[in-house]
Amino acid sequence: MEKKRFYITTPIYYPSARLHIGHAYCTVLTDIFARYKRLRGFECFFLTGADEHGQKIEKNALAAGKTPQQFVDDIVEGFHKLWTLLDISNDDFIRTTQERHVKVVQDIFSKMLANDDIYLGKYKGWYCTPCEAFWTDTQVGTDHICPDCGRPVQIAEEEAYFFKTKKYVDKLLKFYDENPKFLVPESRKNEMINTFIKPGLDDLCVSRTSFSWGIPIRENPKHVIYVWLDALTNYITALGYDSDHPELFEKFWQDPECETIHILGADITRFHAIYWPMFLESLGLRKPDREFVHGLLMMKDSKMSKSKGNVVDPYPLVEHFGLDAVRYYLAREITFGQDGSFSPEQFVERVNSDLANSLGNLLNRTVSMINKYFGGVVPAYKGKVTEFDGNLESVANETVKQYESLMDDLKITEAISVVNELVNRANKYIDETTPWALAKDDSKQEELASVMNHLANAIYIAGMLLKPVLTRASDKLFAQLGVTGDLLKYENVYKFGCVENVTVNKGDQLFPRLDAAVEVEFIQNLMAGK
RNA sequence: CGCGGGGUAGAGCAGUCUGGUAGCUCGUCGGGCCCAUAACCCGGAGGUCGAAAGUUCAAAUCUUUCCCCCGCAACCA
């Protein structure tokens with residue numbers, strides 16, 4: 001059953017350093033989904049934000065000679081700049097240092113404490129005294145060395161609060177059973193069960209005393225609330241849960257008519273798929289409908305890392321190639337839900353092939369012919385004049401159906417791919433119908449008119465379906481086709497032929513073809529930090 | 001036995017859940033077209049779908065075992 005409203009979120013990113021293309025990937029894909037839902041007329045609330053507490057921020061701030069708040073303020077400003085640059089259409093931006101979040105997290109903690117879901121215990125771990133930091137078994141390795149400073153660590157204990165996960169394990173498994181589509185891809189669910197739940201889940205540590213940059217616990221202020229209880233709850237504090245204005249929360253979280261969707265990376269699946277539903281259960285709130293785990297974007301041969309000097313900064317990429325090319329590449333090249341890799345060659349090839357050669361060139365040749373043969377006016381729709389017309393038309397209609405079904409399933413890469421097939425089909429249609437030959441034959445004017453109409457309509461549909469991805473180019477495409485006013489509404493994709501009697505405007509090439517050698521070198525220099 | 005991802009044409013990938021003529025982009029070879037962005041369209045060559053065994057009328061796809069690569073565990077979605 002189709003829901004009528006959507007709440008979609010990205011993870012809140014950690015502002016300890018600048019964002020890179022991996023963050024952009026997740027956020028752009030989420031944005032595409034949000035734009036798609038809105039385009040189809042659904043209400044959609046899209047949230048992203050920043051997770052600003054923790055020891056690392058405290059340390060990095062100290063090193064930078066700033067207060068933690070100044071430090072995160074500066075970095076978060078960069079988040080906003082990047083999201084603006086990438087045309088991210090988020091409705092709100094939550095920061096865990098905001099009053100609206102802090103107060104509610106404290107309330108949540110109090111509730112859980114009162115419910116007996118949180119208790120005071122001892123946290124035991126490897127402690128590095130000079131760094132004043134706890135590390136896990138895997139972090140210290142077999143040599144028991146601090147991963148930060150390289151000095152030996154000791155087992156130490158500190159007082160800490162814990163969340164009783166064991167109390168909710170059965171309910172969680174039942175929830176998985178009753179909601180088979182909760183976690184996508186499904187392999188992630190098995191991973192959760194086999195890796196974390198079956199071996200026995202430890203209670204989750206939710207407070208720390210070893211650093212102070214966090215939300216203090218009212219009942220015991222020497223403790224600050226530790227990461228996940230602070231971070232995950234952003235999804236509801238941003239909507240006004242437990243505030244004087246809970247309207248958005250009621251509308252976009254509690255209402256079963258709203259589908260709530262979290263997009264996240266594999267590394268934080270465990271927290272979203274196990275602890276988050278438990279927290280919500282403890283609070284007596286609705287759980288998310290879907291959690292979609294996307295893959296990691298790696299560099300050609302290895303994961304991107306600053307030390308390897310192969311991090312791609314999205315800014316210069318967008319400045320040089322344009323926003324549409326970057327968004328398109330991210331969505332089309334890396335199958336959403338699987339790991340993928342970024343390579344300069346792939347980037348240039350994909351942009352040239354799909355955007356310049358196929359879509360851009362199709363628009364260009366079509367507009368030229370409408371100018372040449374019909375004085376720039378798209379001929380009226382006369383149904384299927386030839387079998388080729390009928391074929392193109394049915395492919396277009398089928399494309400719309402497939403696209404919607406794939407997008408609804410968050411199969412964004414495949415959805416774009418079917419649109420691309422329509423574009424290819426339209427290019428082939430030109431060869432089949434040979435308009436330049438029809439133009440020379442007075443008896444074929446009706447056929448020629450129909451060909452131009454069908455082309456304009458096929459391009460129009462492709463442009464509309466790609467609008468969530470190509471936030472700028474789709475509008476340029478419509479402008480060149482002479483599509484304005486009501487024709488800009490999505491529902492027209494169901495009315496093949498509706499683009500008629502409008503005047504085209506030949507404009508610049510939508511996507512100029514890139515010189516592969518030159519542009520690949522440009523990106524390589526970018527990655528090398530030149 | 002730490003966890004996870006992957007091994008499909010020269011390169012990069014999809015397809016694997018729901019078994020049924022092996023697909024896409026690029027490259028390459030040949031042809032076509034001339035409306036268009038040296039683009040577009042058609043065709044060819046090129047694959048024992050990592051290996052083996054099993055289930056089946058039928059396996060890239062399901063089961064089992066093995067081999068190899070990569071990521072996480074250290075900034076990092």
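Keep in mind the model is a prediction, meaning the values are calculated, not measured. Each chain gets a letter, A, B and so on, in the order the sequences are listed, and its residues count up from 1.
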Quiz item: Nearest nucleotide by nearest heavy atom, which residue falls closer to the 5' end of RNA chain B, A/K411 or A/A437?
Solution: A/K411

Exercise. Report the distance from atom CZ of A/F336 to atom P of B/A77, rounded to the nearest whole Å.
Key: 16 Å

Practice problem: Using the P atom as the reference point in each nucleotide, state the distance between B/G27 and B/C40 in Å, no decimals. | Solution: 9 Å

Quiz item: Expressed in angstrom and rounded to an integer, what is the separation of A/R188 atom CZ from B/C72 atom P?
Solution: 14 Å

Self-check item: Any residue meeting side chain to side chain donor-acceptor pair (under 3.5 Å) with A/N60, in chain and number order, not counting sequence neighbours
Solution: none

Quiz item: Short question: side chain of A/R513, backbone of A/A356 - any donor-acceptor pair under 3.5 Å?
Solution: no

Self-check item: Stepwise salt bridge (Lys or Arg N to Asp or Glu O under 4.0 Å) check, A/R472 with A/D87
Solution: CA-CA 9 Å; A/R472 311 281 172 86; A/D87 263 1; 2.8 Å; yes

Quiz item: Do A/L359 and A/L363 touch side chain to side chain, with heavy atoms closer than 4.5 Å?
Solution: no

Practice problem: Mark yes or no for a side-chain to base donor-acceptor pair under 3.5 Å between A/D339 and B/G6, with no hydrogen or angle criteria applied. | Solution: no

Quiz prompt | Any A/S16 side-chain N or O less than 4.0 Å from OP1/OP2 of B/C75 | solution = no

Exercise. Check every strand shown and say whether A/P512 touches a base, only sugar-phosphate, or nothing at a heavy-atom separation below 4.0 Å.
Key: base

Quiz item: Do A/F336 and A/F33 come close enough that some side-chain heavy atom pair is under 4.5 Å?
Solution: no

Quiz item: Considering heavy-atom distances to RNA chain B, does A/R425 or A/H23 have its closest nucleotide positioned more toward the 5' end?
Solution: A/R425

Quiz item: How far apart are the C-alpha atoms of A/K181 and A/D289, what are their side-chain angles, what is the distance that settles it, and do they pass the salt bridge (Lys or Arg N to Asp or Glu O under 4.0 Å) test?
Solution: CA-CA 8 Å; A/K181 293 207 150 184; A/D289 293 292; over 6 Å; no

Quiz prompt | P-based separation of B/C29 from B/C66 [nearest Å] | solution = 45 Å

Self-check item: Minimum heavy-atom distance between A/W83 and A/T27, given as atom pair plus value
Solution: CH2-OG1, 3.2 Å

Quiz item: Do A/K189 and A/D177 meet the salt-bridge criterion of a basic N to acidic O distance under 4.0 Å?
Solution: no

Exercise. Between B/U61 and B/G19, how far apart are the P atoms? Round to whole Å, please.
Key: 12 Å

Exercise. Name all stems that contain residues of RNA chain B, defined as runs of 3 or more consecutive Watson-Crick or G-U wobble pairs, both distances under 3.5 Å.
Key: B:2-7 with B:67-72, B:10-13 with B:23-26, B:28-32 with B:40-44, B:50-54 with B:62-66

Quiz item: How far apart are the C-alpha atoms of A/E52 and A/Y14, what are their side-chain angles, what is the distance that settles it, and do they pass the side-chain hydrogen bond (donor to acceptor under 3.5 Å, both in side chains) test?
Solution: CA-CA 6 Å; A/E52 308 187 355; A/Y14 200 61; over 6 Å; no

Quiz item: Which whole number of Å gives the distance between the P atom of B/C24 and that of B/G43?
Solution: 10 Å

Quiz item: With rounding to whole Å, what would you report as the distance between B/C70 and B/C13 at their P atoms?
Solution: 14 Å

Exercise. Look at the rings of A/H262 and A/Y7 and say which category their plane angle falls in: under 30° parallel, 30 to 60° tilted, over 60° perpendicular.
Key: perpendicular

Self-check item: side-chain N/O A/K56 vs B/C76 OP1/OP2, d < 4.0 Å
Solution: yes

Quiz item: Between A/I268 (CD1) and B/A77 (P), how many Å, whole number?
Solution: 8 Å

Practice problem: Locate the shortest heavy-atom distance separating A/A61 from A/F71; write the atom from each residue and the value. | Solution: CB-CB, 3.6 Å

Quiz item: Using the P atom in both, what is the distance from B/A38 to B/C68, to the nearest Å?
Solution: 49 Å

Quiz item: Rounded to whole angstrom units, what separation is found between the CD1 atom of A/I88 and the C1' atom of B/A77?
Solution: 13 Å

Self-check item: Nucleotide nearest A/T335 (side chain, heavy atoms from C-beta), chosen from B/G32, B/C34, B/A14
Solution: B/A14

Practice problem: For B/A52 and B/U8, measure between their P atoms and round to the nearest Å. | Solution: 15 Å

Practice problem: For B/G12 and B/G54, measure between their P atoms and round to the nearest Å. | Solution: 33 Å

Quiz prompt | Value in whole Å for how far the P atom of B/C3 lies from CD1 of A/I197 | solution = 16 Å

Practice problem: With sequence neighbours excluded, give me every salt bridge (charged side-chain N to carboxylate O under 4.0 Å, His left out) pair touching residues 413-428 of chain A. | Solution: A/R425-A/E432

Quiz item: Taking RNA chain B as the partner, which of residues 359-373 of chain A come within under 4.0 angstrom of it by heavy atom?
Solution: A/G360, A/N361, A/N364, A/R365, A/S368, A/M369, A/K372, A/Y373

Restricting both atoms to N or O, compile the protein contacts to nucleotides 21-25 of chain B shorter than 3.5 Å, with distance only.
{"from": "B/U25", "atom 1": "O3'", "to": "A/S353", "atom 2": "OG", "distance (Å)": "2.9"}
{"from": "B/U25", "atom 1": "O2'", "to": "A/E349", "atom 2": "OE2", "distance (Å)": "3.3"}
{"from": "B/U25", "atom 1": "O2", "to": "A/E349", "atom 2": "OE2", "distance (Å)": "3.4"}

Quiz prompt | A/N427, nearest nucleotide to its side chain (from B/C40, B/A77, B/C13) | solution = B/C40

Quiz item: Which residues pass the side chain to side chain contact (heavy atoms under 4.5 Å, CB included) test with A/P379, sequence neighbours left out?
Solution: A/F374, A/A449, A/M452

Exercise. Could you check which of B/A77, B/G12, B/U37 has an atom nearest any side-chain atom of A/E333?
Key: B/G12

Self-check item: Phosphate contact (B/C40 OP1 or OP2) by A/K428 side-chain N/O below 4.0 Å
Solution: no

Quiz item: Between atom CD1 in A/I459 and atom C1' in B/C40, what is the gap in whole Å?
Solution: 13 Å

Quiz item: With a 4.0 Å cut-off on heavy atoms, is A/Y14 in touch with a base, just the backbone sugar-phosphate, or nothing at all?
Solution: sugar-phosphate

